[in-house]
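Worksheet: one structure, shown below.
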Amino acid sequence: MTFVAKPRVHHPKLPVNEIGLTRRDYEGPVSTLCAGCGHDSVSAAIVQACAELSLPPHKFAKISGIGCSSKTPSYFLSKSHGFNSVHGRMPSVATGANLANRDLYCIGVSGDGDTASIGLGQFAHIVRRRINMLYVVDNNGTYGLTKGQFSATNDKGSTSKKGLPNLNEPIDLVSLALQIGASFVARSFSGDKKQLVPLIKAALIHKGFGFIDVISPCVAFNNHQGSTKSYDYIRDHSEPVVVTDYFAAQEEITVDYAPGTSEEVHMPDGSVLCLQKLDEKFDVHDKVHALNYVQTRQAQGEVVTGLLYVDPDASDCHEVLDTVQRPLNELDVDDLCPGNAALEMVNAGFR
Amino acid sequence: MTFVAKPRVHHPKLPVNEIGLTRRDYEGPVSTLCAGCGHDSVSAAIVQACAELSLPPHKFAKISGIGCSSKTPSYFLSKSHGFNSVHGRMPSVATGANLANRDLYCIGVSGDGDTASIGLGQFAHIVRRRINMLYVVDNNGTYGLTKGQFSATNDKGSTSKKGLPNLNEPIDLVSLALQIGASFVARSFSGDKKQLVPLIKAALIHKGFGFIDVISPCVAFNNHQGSTKSYDYIRDHSEPVVVTDYFAAQEEITVDYAPGTSEEVHMPDGSVLCLQKLDEKFDVHDKVHALNYVQTRQAQGEVVTGLLYVDPDASDCHEVLDTVQRPLNELDVDDLCPGNAALEMVNAGFR
Amino acid sequence: MSINDFVIRFANVNGSGSASANTMFAKALFRMGLPVATRNIFPSNIQGLPTWFDVRVSARGYLGRRESVDIMVAMNAATYEEDVACLSPGGYLIYDSTKPLARHLRRSDITEIGMPLADLLLSEFEDIKQRGLFKNITYLGALSALLDIEFDVITGMVATQYKGKDALIAPNIAALEIGRGYAQRYLSCPLPIKVRRVEAAGDRIMVDGNTAAGLGALYGGATVCAWYPITPSTSVAEAFELYANQLRVEENSGRRKFAVVQAEDELSAIGIVIGAAWNGARSFTATSGPGISLMSEFLGLAYFAEIPAVIFDVQRAGPSTGMPTRTQQCDLISAAYASHGDTKHVLLFPSTPKECFEFGAQCFDLADRLQTPVILMTDLDLGMNDSLSDPLTWEDGRAYDRGKVLSAEDLEAVEKFGRYLDVDGDGIGYRTYPGTHPDKGAFFTRGTSRDEYAAYTESPEAYEKNMRRLLRKWETASKLVPEAVITSSGQRAGILYYGTSATPMPEALDLLEEEDVHLDTLRICGFPFGKEVYKFIEDHDFVFVVEQNRDAQMKTLLVNEGELDPARLVSILYYGGLSISADTIQAQISEYFTQQKLPRLTEVKS
Amino acid sequence: MSINDFVIRFANVNGSGSASANTMFAKALFRMGLPVATRNIFPSNIQGLPTWFDVRVSARGYLGRRESVDIMVAMNAATYEEDVACLSPGGYLIYDSTKPLARHLRRSDITEIGMPLADLLLSEFEDIKQRGLFKNITYLGALSALLDIEFDVITGMVATQYKGKDALIAPNIAALEIGRGYAQRYLSCPLPIKVRRVEAAGDRIMVDGNTAAGLGALYGGATVCAWYPITPSTSVAEAFELYANQLRVEENSGRRKFAVVQAEDELSAIGIVIGAAWNGARSFTATSGPGISLMSEFLGLAYFAEIPAVIFDVQRAGPSTGMPTRTQQCDLISAAYASHGDTKHVLLFPSTPKECFEFGAQCFDLADRLQTPVILMTDLDLGMNDSLSDPLTWEDGRAYDRGKVLSAEDLEAVEKFGRYLDVDGDGIGYRTYPGTHPDKGAFFTRGTSRDEYAAYTESPEAYEKNMRRLLRKWETASKLVPEAVITSSGQRAGILYYGTSATPMPEALDLLEEEDVHLDTLRICGFPFGKEVYKFIEDHDFVFVVEQNRDAQMKTLLVNEGELDPARLVSILYYGGLSISADTIQAQISEYFTQQKLPRLTEVKS
Ligand SMILES: Cc1ncc(C[n+]2csc(CCOP(=O)(O)OP(=O)(O)O)c2C)c(N)n1
Ligand SMILES: Cc1ncc(C[n+]2csc(CCOP(=O)(O)OP(=O)(O)O)c2C)c(N)n1
Ligand code: SF4
Ligand code: SF4
Ligand SMILES: [Mg+2]
Ligand SMILES: [Mg+2]
């Protein structure tokens, strides 16, 4: 018989966070993805980030499209509501969810097919709308769930499992997000939790649109030699440009970077991002520069990772729309209905 | 009575081009757009370019989406077939048309609503597909046909006719095209025929995807003070970076630019683009540079115009797909049907 | 001699400011107490093409389109010939006599009333653009004399229209006076067709359906509106935003208790609506046919995932882009069964602006109660033209029905929460909003098959059970949508209609009565159909079904959902893109009686 | 003792290589001349979830799904309990006896055949992954002994399967022999259920419908294929590309006489198809329900602009994402009436792989002739499972019907070209390809209303005339789609079905005959329906309509298009996502006869 059980490990004495919860309270049911799929590591990083931030696990809205990646919201944060919607349309559903309740932490998970092909228009426009959310793409360069076709992020020349080369230029989501004006842009690798977790934390706390493109290998269809999204390839070609550490408001800052190459970014909630720049010239507040940097390195075959751009003072959609502080979904008839007297005035205008 | 007649001027002795046709042979019926609409100037520039190139007027396929801009293909080149399709989907229809007959010159006309909102995904992907065509956006920063809503190219802070400011960041189509990898990218202004006509010629002759973002003011809804897409505003803020002159294969080159600032680009068909760089440092063959340039100047409130990028040796979709030289729509049963003997072999494989 | 009973048509060029002048004309008559109906027949174009504006005045209160024209104000050279031709014999032609009329355009059976408009304005206004604009006002002035309109009502209109732009009032009134003066001096005023103040309009208002629908969404408690511009629905979202900015702003902060997003397309608009509705906000979009097509995948998701999305479909003439500035009732099938797979959606059919408001508000209660999309099916004719309407009213104290939503306290009391359990036998489960409770009630929403506890499954039994529950919910819906409106005097035959096909009905029925054709009537207001609809059909030998599409789409729905014999339903169809007229209805029904050799006398059913 | 008549079910975990082993099993039986049918019941997941593979062997050639299982190869611990439970009494359970069976899982009414598979492989193969893969081959070896399968046929299968990867042949054969050896030594072989070489399969082939449809497009002359991956349609495009690369390459240059584009989504895929078709290339896309929904705006454009687009819809269980790896016939309404406005689309319904090929090719002739979209309605059951099929054949010399297309010479002869003139009275105009003639025949295509000369118009008359012409074309279509297949022996009652609902029909009819229920049969092949369909219904007192959806969608189409009394059509529905079985059909019909107290004897109609 084939037994495929991924048992839940029991930790008798799990550490608790500030709100008294353990990592377990942020987990979800056992994943049904392939053993070794990068996406599961991304889910694990989200669990860790949320637990470390001590956010209430039911105060999230998890939205996704369709694909293996889009299934993952069912595998983390089981105390919060999730919505596995339709292919490529996570951005619009997340927009609605965020408009309805600005108090929830909104996490959108998508795939490269979901975001860069069918969902490209929605992706570009949610960036413009500045929705306050964490938008993660589990980027494996392939359509996992439909069994391995090239996606639009697949690099030109990268080969399929059968050895056929991809003939099309890739779409680089990080460049796109930078260029369209996202206020928080990062790239990471599912295999590098140390880099990924602080980025997720920072994006969650960031007020505005936080985008993380996570290279997340597909072991079933795009992890062979010849693929530029395999574990091996990314380990060899990823070029971290900034090391980010996240410190909550009250937390003591415990890193000590060489002067000149480091910077502290203060977030509106008082938390701090400590940045160590591995390339001195890199400026994390200049998006034209960041875009240029990413594109130039890309042309040299390097995959730039880390925090690429952040505007800690960015405004979000609710500020632009000037909506009330209370979540719209909490307002009832007394808040919403102008009543008959007002209607009579309206009628008068029609006479 | 209101008479709105735009009479066709008669030129008794119209000059004829190399194939013996006059400008008139490239025109279309009278436009029904508003008097003064920028789009009509774009149509006129297309007429002039096609006539001057001496291309057979029936060997075009004109494709568009929906909008005032998308109506324009009915107002030029009346000897060729046109297809006014559905909103935002011109790129896919043009792709199909080009796949079916690689010998036709394919002109796609779209609006900023058509391309940057509903059609953004299709736009990005036709760039990737490298369809051999001229793709023109009549960019007026507004939805003309639906009466003046802000479009996604409308600049932040630019005001509506009623004086309300736009709160969203614009999508810059030129930057997008550069970043996704278009092989010919230019921006121009409907009011500057001298700049626009050579660009259209070059894009038509260019083998691959030729994109021109033409700022084309909407006199009905976006030509007021406060608009950044008005005639006045663009005249004041456009910054030509390269002056382009187009010379057909046999033609004598008649411009004489100061050395150091000029360049001749040789197109595969033997024609030549003479470029005069107004900014010495500008490199029309480096897309990362061009993107950086456009974005930097944009941040300074300038609208860079002219030829921004060209790769004269780009490959087009048919090369990538390795299709036969003969147009696919000319192949008949003898070319296409493998016949019964082959089918018996196929059957054998199923036993 | 005819008082308060005529159709006047203004033939203009669009983009020339005529619509506002013509609207002032209609509104002035309305303010004199006359029932008026306006119809703006405009091209899919911004400037320079022909446009017509019909105003119908009817002492008997008929508001439907009438085929004949009594007075033609022919201001467009390009359509002059056809405009003259469509005037009824005995009618009045008002034209610009600055240049003489071509001989072949003249008719001996009408009265030609020439006014040298261009000349008159040439001397008065220097600016050429002004001349164009004031021309419309000038003929309005002339009409006030010709039709005996109270002049202070018209000048009052001008004052209302240009409130805030006071500098414009004086020259407009001057233009009015030029026209009026010319008419009084040189034309025989008033004409035998004229108006006289009455009280027929009562306390009614004149408003377009889209504005009323936008107000309905506002009163109905919508907080999220996501939309994409498309004629003829754009003004729904615009009205919602306009009035919300006035009436729905937080007192101290000045902040908005609503969010309006102009989305990048219809796919995004409906996605936003679904996301917001899933997260407990009342949300809606407004669109037209092409938008419904684009939304259909998402509508299937909302049906299956059970999300209360509200859509206002302002129908226009299809298929495809069709005639975007013409009216039809042609999206019934695509809306009712939108999306692949076995899907069905709740539809409401308003007939008047007041119903646009009321049904518009009710959509949100229904959607929340039924946890499913609800689509308001209106059309261009109702949506974009000012119609006479009863005033809008709201019963203060009326609560919103948010449906079956469990609060944190409710959840505490529940043993095991099952999102899709049919606890009450009505096919509707209990839902929770995200973030309600730290430990209970969270579930995963999906468009894939799941069991009653929202767990993913591909089990045939679980799937079928769920699909059958959705049919139970459908049954529940049929009891909740607004009931059909029935008038019955025990006739053998009935007539059934909905939406704007109701507008010409009083007139059509009167015309038929004159021919001794008597019909019981039923106006459909909602889908799925209530029992009363089928009972009505059963109770009659045959029933006419009036609709404005080619394929008899309402008949399709009736037959399909009710397992009716289609032979009992006789279609009366019009799909030319103007609104259906009483004449068309009467003619087709009359023809049917003649062809079938049916007796025309009232026959009370035994 | 049963020979060549059983259902065997393999219960596995997906991603473990079982599908290819199980397919080899089925194919081996097929090569022994047995009619076999396979059904792969897989999850919407890549690795680690339960999957079942049914192989039906039927001496009488029944290919439909059967509800009972005679042999269960239970290899998935996660589903072991339900797998054991679904075995028919008297059946055989083959399981891995490495660990002893839990007591509560044992049944006394079946024969348990334990094989210590894990142990056997442990000693043979070092690599853990290999062990997993070869386990499947090992039970295959055991089955060869248990069922008396000719061993060289099985080893031959292995050789075919691993052609080109020769290194894999030896270890596979070794694994086969381990299993066979074990069975021969320790188990009583053969079982009373076994196979024996016959000639029943004849020259038939075993192929899945999607491969056949892809070949149909290739033979039908498609040159442009634009698609977006979606289960269960993906393999149509893949098959087209695979065979085109083999059979459609220019001799000297090696260049391709076709273009395949994996588009960014379904909106783009259909747009490409429409653009190519407009420009005179035969083009198609393959998709499933969600794709049809997304394509609906474009389908309306193609209907109204009259573009010959071809769509292969491989249906899966809806609504929404539904059950993407389960089968249904549930997109009929959304395909037939796709898009807003008054639209109707031509549908073809293949029942076998051979028809997927033939109808697939015919789609292109029909689309060109009718200048309208044509949709091939197949489904997951037919598309993704290998079925027994007559061999594919092509009549050499058969020309493509490119429909009414004017060449440059034709145009020379035409006085004034009118794209939408109904010259022949069949509702179909003449078209021209772009670039045909320097001066004549160019026209502007649009989704908006136009006159017969393709000029834009908003005239009600021109619009209505055009819409009526499209109905005439629809009438023409009803004569051109493949005729229904009828068998009649003059019964009072009939049965009507289409697509894969035909597969279990021979068996269902035999079962019913045994109960003295005799039915005339009609299989629908195309929509709009031909006269023969309505005549059949008219000629019978009542007609069963068998379909695999909840809402009786074919019945809806029949009633709606034919103005039939729905009472005469009795729905037999199954929508659990597996394919409908003969048992289900028989049970529902039998129940109907009992309930309605109908006599069960053959009654020849007077
Ligand atoms: C409208 C629509 N088209 C196609 C599909 C089929 N489909 C399911 S997942 C998927 C691709 C997923 O790729 P990606 O987003 O990269 O996710 P991954 O599985 O690689 O994580 C596709 C095309 C669908 N579900 N819906
Ligand atoms: C699916 C769909 N949605 C909306 C519309 C309505 N519509 C027509 S034109 C247009 C916008 C056109 O704007 P743009 O492309 O900028 O063209 P312009 O008129 O400004 O030249 C819209 C939204 C439509 N025709 N189809
Ligand atoms: S197919 Fe690829 S993306 Fe999907 S679960 Fe498996 S490894 Fe992950
Ligand atoms: S509305 Fe604007 S875009 Fe449209 S025709 Fe008029 S000026 Fe041009
Ligand atoms: Mg992927
Ligand atoms: Mg525009």
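Keep in mind that what you see is a predicted model, and the values were worked out from it rather than measured. Chain naming here is simple, since letters A, B, ... match the order of the sequence lines and numbering starts at 1 in each.
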Within the structure provided, determine whether F357(C) and L343(A) are in side-chain contact (heavy-atom separation under 4.5 Å). yes

Honestly, the part of S268(C) sitting under 4.5 Å from a heavy atom of chain A is both

Which region of D203(C), side chain (C-beta onward) or backbone (N, CA, C, O), has a non-hydrogen atom less than 4.5 Å from a non-hydrogen atom of chain A, or is it both or neither? both

Quick one: closest heavy-atom pair of N84(A) and F444(C), and the distance? CB-CE2, 3.4 Å

Does the side chain of I272(C) reach to within under 4.5 Å of the side chain of V93(A), using non-hydrogen atoms? no

Between S78(A) and A442(C), which heavy-atom pair has the shortest distance, and what is it? O-CB, 3.9 Å

Quick one: what part of A226(C) sits under 4.5 Å from any heavy atom of chain A, side chain, backbone, both or neither? neither

Between N279(C) and N329(A), what is the shortest heavy-atom contact and its length? O-ND2, 2.6 Å

What I want to find out is whether R128(A) reaches E264(C) closely enough, with some N-O distance under 4.0 Å, to be called a salt bridge. no

Taking the side chain as every heavy atom from C-beta outward, state whether S92(A) and L267(C) have any atom pair closer than 4.5 Å. no

Is a donor from one side chain sitting under 3.5 angstrom from an acceptor on the other, for T432(C) and H81(A)? yes

G339(A) and Y219(C): which non-hydrogen atoms are nearest, and at how many Å? O-OH, 2.8 Å

So, N340(A) side chain and T393(C) main chain: donor-acceptor pair closer than 3.5 Å or not? no

Lys/Arg-Asp/Glu bridge criterion (N-O < 4.0 Å) met for R256(C), D322(A): no

Are F350(A) and R204(C) packed together at the side-chain level, in the sense that at least one heavy-atom pair is separated by less than 4.5 angstrom? no

Most contact-rich option vs chain C, by heavy-atom pairs under 4.5 angstrom, among L99(A), D103(A), D25(A), D334(A), is L99(A)

Shortest non-hydrogen contact from A276(C) toward A100(A): O-CB, 3.6 Å

Checking V224(C) against chain A: side chain, backbone, both or neither under 4.5 Å from a heavy atom? side chain

Atom of R248(C), atom of D335(A) and distance for their closest heavy-atom approach: CD-O, 3.9 Å

Could you check whether any side-chain heavy atom of S64(A) comes within less than 4.5 Å of a side-chain heavy atom of R446(C), counting everything from C-beta outward? no

